[in-house]
Novice: 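So that we are looking at the same thing, I have put the structure below in structure tokens.
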Amino acid sequence: MPEKNVVSWTVMLGGLVQDGRIDEARALFDKIPVKDVVARTSMIGGYCQVGRLAEARELFDEMPRRNVIAWTTMISGYVQNQRVDVARKLFEVMPEKNEVSWTAMLMGYTQCGRIEEASELFDAMPVKSVVSCNALILGFGQNGKVAKARHIFDQTREKDDGTWSSMIKVYERQGFELEALGVFTLMQSLGVKPNFPSLISVLSVCATLAILDHGRQVHAQLVKSRFDSDVYVASVLITTYMKCGDIVKAKRVFDRFPHKDIVMWNSVITGYAQHGLAEEALRVFNDMFYSGIPADDVTFIGVLSACSYTGQVKEGLEIFESMTSKYLVEPRTEHYACMVDLLGRAGRLNEAMDMIKKMPGEADAIIWGSLLGACRKHMNMDMAEVAAKKLVQLEPKNSGPHILLSNIYASKGRWADVAELRKNMRSRNMSKSPGCSWIEVEKKVHMFTGGGESMPHPEHSMIMRMWEKLSGLLKEAGYCPDSSFALHDVDEEEKAYSLGYHSEKLAVAYGLLKVPEGLPIRVMKNLRVCGDCHSAIKLISKVTGREIILRDANRFHHFKDGSWVYFRIANTFSLHFVGIGNSLDYTIEKYPSDVPEAQDKERFNWPVIVPFRLK
DNA sequence: CTAGGGTTAG
């Protein structure tokens with residue numbers, strides 16, 4: 001039997017490291033008679049992976065000889081454990097750097113949100129590899145700088161599949177679904193085969209757009225090609241089905257998957273939460289506990305928001321408390337946001353305010369926005385004023401809070417304040433994105449805007465007759481339009497039209513005309529549904545006996561039960577899955593080719609709202 | 001045989 005050489009030792013070492021059996025790896029490492037650079041580097045990498053940086057560094061310092069890879073491994077180890085500044089110190093003193101070292105350092109900055117430094121580092125790179133470009137694209141994207149990411153993408157001459165999937169992902173993550181599909185299409189028209197990450201992103205787009213049928217087809221193809229046994233794919237599939245309203249299928253994908261990871265559990269819990277199914281969410285949360293997978297911060301966002309939606313204050317408070325005591329998860333801003341929402345919705349406004357005061361760190365716009373919503377619901381003008389002022393400060397470009405604050409002042413007769421605020425708004429040239437709703441009928445997407453006079457739907461008069469009929473029925477059922485504007489975020493444009501013409505009502509009326517009896521009417525809205533429409537639609541589902549599912553910018557509203565959809569529309573996207581052999585055709589009407597930076601943060605901000613147009 | 005890109009989130 002020939003004596004083992006250092007290479008075969010190292011192969012075994014690598015196996016142990018990959019499985020995370022770090023102490024066994026070290027025992028083996030100590031047995032190697034002559035350790036070379038590779039063996040030592042492998043051991044260092046192993047320690048870094050499990051966060052044992054001190055031991056890694058000790059080995060690194062003891063090395064008789066170090067090559068670039070050893071240096072880069074150590075730097076990357078610091079980066080992966082959020083020790084960017086330590087990494088930078090090493091980076092500065094390393095004798096020789098290659099593209100990988102630069103990229104590792106670059107990612108260190110992007111991952112902790114220090115995008116400016118990442119950008120500087122990128123500019124300083126002598127050779128900009130494709131991977132470094134890809135990393136920067138993702139970095140800009142993660143930090144909300146979509147236009148900058150696109151710029152790097154355009155500048156990258158030799159794009160590889162990672163470049164494409166990075167750009168697609170950025171668009172997808174930042175709410176530019178159509179742009180994501182556009183890049184995906186462009187990629188394939190240039191003959192680039194979609195890789196795994198890009199397929200995942202596109203599937204996510206299907207989820208966000210709630211293109212149920214298309215999502216299903218992608219799923220079918222994934223099953224056929226046995227991609228569906230992948231954990232990553234499984235999570236996205238669950239999310240897709242959830243967002244498309246097919247809760248049963250989502251659960252089935254979950255149940256059939258043998259080795260569930262944390263993200264899969266979270267996907268199901270979050271999905272139930274988005275549907276307001278707190279009981280189911282809590283049951284899965286419980287199952288998760290007994291399965292031995294420890295809950296993480298994302299889990300709690302799901303569980304807490306589920307409690308909030310159903311008003312389960314007691315359960316919510318208990319779970320929030322258990323986060324630190326039982327699960328050892330430190331609550332973050334997001335969790336405080338859930339709690340403020342939970343307490344606020346239940347009318348416990350003072351406790352919500354206390355929560356804001358006692359949280360570590362500053363409350364963000366989401367928190368103040370949810371407190372403001374609660375104040376509107378429970379008619380607390382004084383606290384509403386405090387929240388609205390904070391919001392105006394935090395989001396000077398958003399007109400919503402300005403309008404609300406102005407309404408609050410008006411209701412108190414403080415006209416000087418109103419005038420001041422209006423002047424302020426005019427000088428900043430603020431505009432609000434108009435509301436619009438979609439409904440899919442016979443594979444076409446029909447879009448409605450609030451005051452669609454300029455380009456009416458071809459069946460406009462029929463829709464109007466339907467609406468009048470509905471109005472009559474509603475009146476008989478005791479419905480009275482809610483026109484208390486004082487605490488409502490009323491869009492200037494929409495205010496000009498009567499409440500009867502809110503886009504979601506038109507879409508629902510159209511659905512009643514077109515969707516066959518027995519099938520749910522699925523409507524999608526780009527903004528949040530207003531209180532009046534909410535109660536009107538609830539009543540409509542009652543008097544007509546139809547199931548209506550409204551998905552707004554925030555969540556699903558099941559009237560009876562179910563879920564759903566929209567779509568937007570003038571290019572035809574052909575999603576052809578090369579190698580999988582399937583082609584999906586989307587018809588999408590009008591979307592802008594360029595994305596201005598200012599819109600980066602708005603999730604459902606459709607740059608141009610086009611009234612329905614017949615092709 | 002060692003270093004750089006994939007899943008969930010109010």
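Letters A, B, ... mirror the listed sequences (proteins, then strands); counts begin at 1. Reckoned from all heavy atoms, side chains included, excluding hydrogens, waters and symmetry mates.
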Novice: Considering only side-chain heavy atoms of A/Thr73, which listed nucleotide, B/dA3, B/dT8, B/dG6, is closest?
Specialist: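 So the side chain of A/Thr73 is nearest to B/dA3.
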Novice: Could you tell me the separation between the CD atom of A/Gln111 and the C1' atom of B/dG4, rounded to a whole number of Å?
Specialist: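 After rounding, the gap between these two atoms is 10 Å.
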Novice: Taking CE from A/Met94 and C1' from B/dG4, how many angstroms apart are they, rounded to a whole number?
Specialist: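 That distance rounds to 13 Å.
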Novice: Counting just side-chain N and O atoms, does A/Gln80 come under 4.0 Å of either OP1 or OP2 of B/dG4?
Specialist: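 Indeed, a polar side-chain atom of A/Gln80 lies that close.
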Novice: Would you find more than 12 non-hydrogen atoms of other residues, nucleotides or ligands less than 6.0 Å from A/Gln18 atom CD?
Specialist: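 Not more than 12 within 6.0 Å, no.
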Novice: Using whole Å, what does the distance between atom P of nucleotide B/dG4 and atom CD1 of A/Ile137 come to?
Specialist: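 Result: 19 Å.
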Novice: Within the 4.0 Å heavy-atom criterion, would you say A/Ser101 contacts the bases, only the backbone, or no part of the nucleic acid?
Specialist: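 Since no nucleic acid heavy atom lies under 4.0 Å of A/Ser101, the category is nothing.
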Novice: I would like to know whether A/Tyr272 and A/Arg283 meet side-chain hydrogen bond (donor to acceptor under 3.5 Å, both in side chains); could you show each step before the answer?
Specialist: CA-CA 10 Å; A/Tyr272 278 137; A/Arg283 196 162 59 222; 5.9 Å; no
Novice: Would you state whether a donor and an acceptor, one from the side chain of A/Ser129 and one from the base of B/dG4, lie under 3.5 Å apart?
Specialist: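 Flag set: donor-acceptor pair detected.
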Novice: I need the CD1-C1' distance between A/Ile44 and B/dC1, as an integer number of Å.
Specialist: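 Between C1' of B/dC1 and CD1 of A/Ile44: 15 Å.
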Novice: Given B/dT2, B/dA3, B/dG6, which nucleotide is nearest the side-chain atoms of A/Tyr232?
Specialist: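 The answer is B/dG6, which lies nearest to the side chain.
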Novice: Would you call A/Asp36 and A/Arg40 a salt bridge, taking side-chain N to carboxylate O under 4.0 Å as the test?
Specialist: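 Answer for the salt bridge query: no.
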Novice: Sequence neighbours excluded, which residues qualify as salt bridge (Lys or Arg N to Asp or Glu O under 4.0 Å) partners of A/Arg252?
Specialist: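 In terms of salt bridge (Lys or Arg N to Asp or Glu O under 4.0 Å), with neighbours along the sequence ignored, A/Arg252 is linked to no residue.
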Novice: Please state whether the phosphate of B/dT7, meaning OP1 or OP2, lies under 4.0 angstrom from any side-chain nitrogen or oxygen of A/Lys169.
Specialist: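 Looking at the OP1 and OP2 atoms of B/dT7, one of them is under 4.0 Å from a side-chain N or O of A/Lys169.
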Novice: A/Asn98 has a side chain; which of B/dT2, B/dA3, B/dG6 sits nearest to it?
Specialist: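 Among B/dT2, B/dA3, B/dG6, the one nearest the side chain of A/Asn98 is B/dA3.
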Novice: A/Arg57 has an atom CZ; how far is it from atom P of B/dA3, in whole Å?
Specialist: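 Checked: the CZ to P distance equals 19 Å.
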Novice: Round to a whole Å and report the spacing from CD of A/Glu172 to C1' of B/dA9.
Specialist: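 It is 12 Å, rounded to the nearest whole Å.
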Novice: Angle between ring planes, A/Phe285 versus A/Tyr327, binned at 30° and 60°: parallel, tilted or perpendicular?
Specialist: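 The rings of A/Phe285 and A/Tyr327 sit tilted, inter-plane angle from 30° to 60°.
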Novice: At under 4.0 Å between heavy atoms, what does A/Ala337 touch on the DNA or RNA strands: base, sugar-phosphate, or nothing?
Specialist: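 A/Ala337: base contact, heavy atoms under 4.0 Å.
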Novice: Any donor and acceptor pair, going by atom type alone, linking the side chain of A/His275 with main-chain N or O of A/Ile247 inside 3.5 Å?
Specialist: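 Here the side-chain-to-backbone pair does not exist.
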Novice: Nearest to the side chain of A/Thr333, heavy atoms from C-beta on, is which of B/dG10, B/dA3, B/dT8?
Specialist: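 Nucleotide nearest to A/Thr333's side chain: B/dG10.
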Novice: Which nucleotide in the list B/dC1, B/dG5, B/dT8 gets nearest to the side chain of A/Asn134?
Specialist: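 Shortest atom-to-atom distance from the side chain points to B/dG5.
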Novice: Contact class for A/Asp36 (heavy atom, under 4.0 Å): base, sugar-phosphate, or nothing?
Specialist: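 The residue A/Asp36 makes no contact with any strand.
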Novice: When you measure from the side chain of A/Ile301, which nucleotide among B/dG10, B/dA3, B/dG5 comes out closest?
Specialist: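 Nucleotide nearest to A/Ile301's side chain: B/dG10.
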Novice: Rounded to the Å, how far apart are A/Leu13 CG and B/dA3 P?
Specialist: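 My rounded result for the distance is 11 Å.
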Novice: Select base, sugar-phosphate, or nothing to describe what A/Thr163 touches, counting heavy atoms under 4.0 Å on all strands.
Specialist: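 Result for A/Thr163 = base.
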Novice: Got a sec, which pairs hit side chain to side chain donor-acceptor pair (under 3.5 Å) with one end in residues 87-100 of chain A, sequence neighbours left out?
Specialist: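 Qualifying pairs, neighbours excluded: A/Arg88-A/Glu92, A/Arg88-A/Tyr109, A/Asn98-A/Ser101.
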Novice: Ignoring the backbone of A/Gln274, work out which of B/dA3, B/dA9, B/dG5 is nearest its side chain.
Specialist: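 Given the options B/dA3, B/dA9, B/dG5, the side chain of A/Gln274 is closest to B/dA9.
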Novice: To the side chain of A/Ser76, which of B/dG5, B/dG10, B/dG4 is closest?
Specialist: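 Ranking B/dG5, B/dG10, B/dG4 by closest atom to the A/Ser76 side chain puts B/dG4 first.
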Novice: A/Arg332 has a side chain; which of B/dG10, B/dG4, B/dA9 sits nearest to it?
Specialist: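 Out of B/dG10, B/dG4, B/dA9, the nucleotide with an atom closest to A/Arg332's side chain is B/dA9.
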Novice: Measure from CE on A/Met323 to P on B/dA9 and round the result to the nearest Å.
Specialist: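 From A/Met323 CE to B/dA9 P: 17 Å.
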Novice: On the nucleotide B/dT8, are OP1 or OP2 found under 4.0 Å from the side-chain N or O atoms that A/Arg173 carries?
Specialist: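 Yes, such a contact exists.
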Novice: The side chain of A/Asp161 lies closest to which of these nucleotides: B/dG5, B/dG10, B/dA9?
Specialist: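 Of B/dG5, B/dG10, B/dA9, B/dG5 is nearest to the side chain of A/Asp161.
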Novice: When we call it a touch if two heavy atoms are under 4.0 Å apart, what does A/Thr270 touch: a base, just sugar-phosphate, or nothing?
Specialist: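 Result for A/Thr270 = sugar-phosphate.
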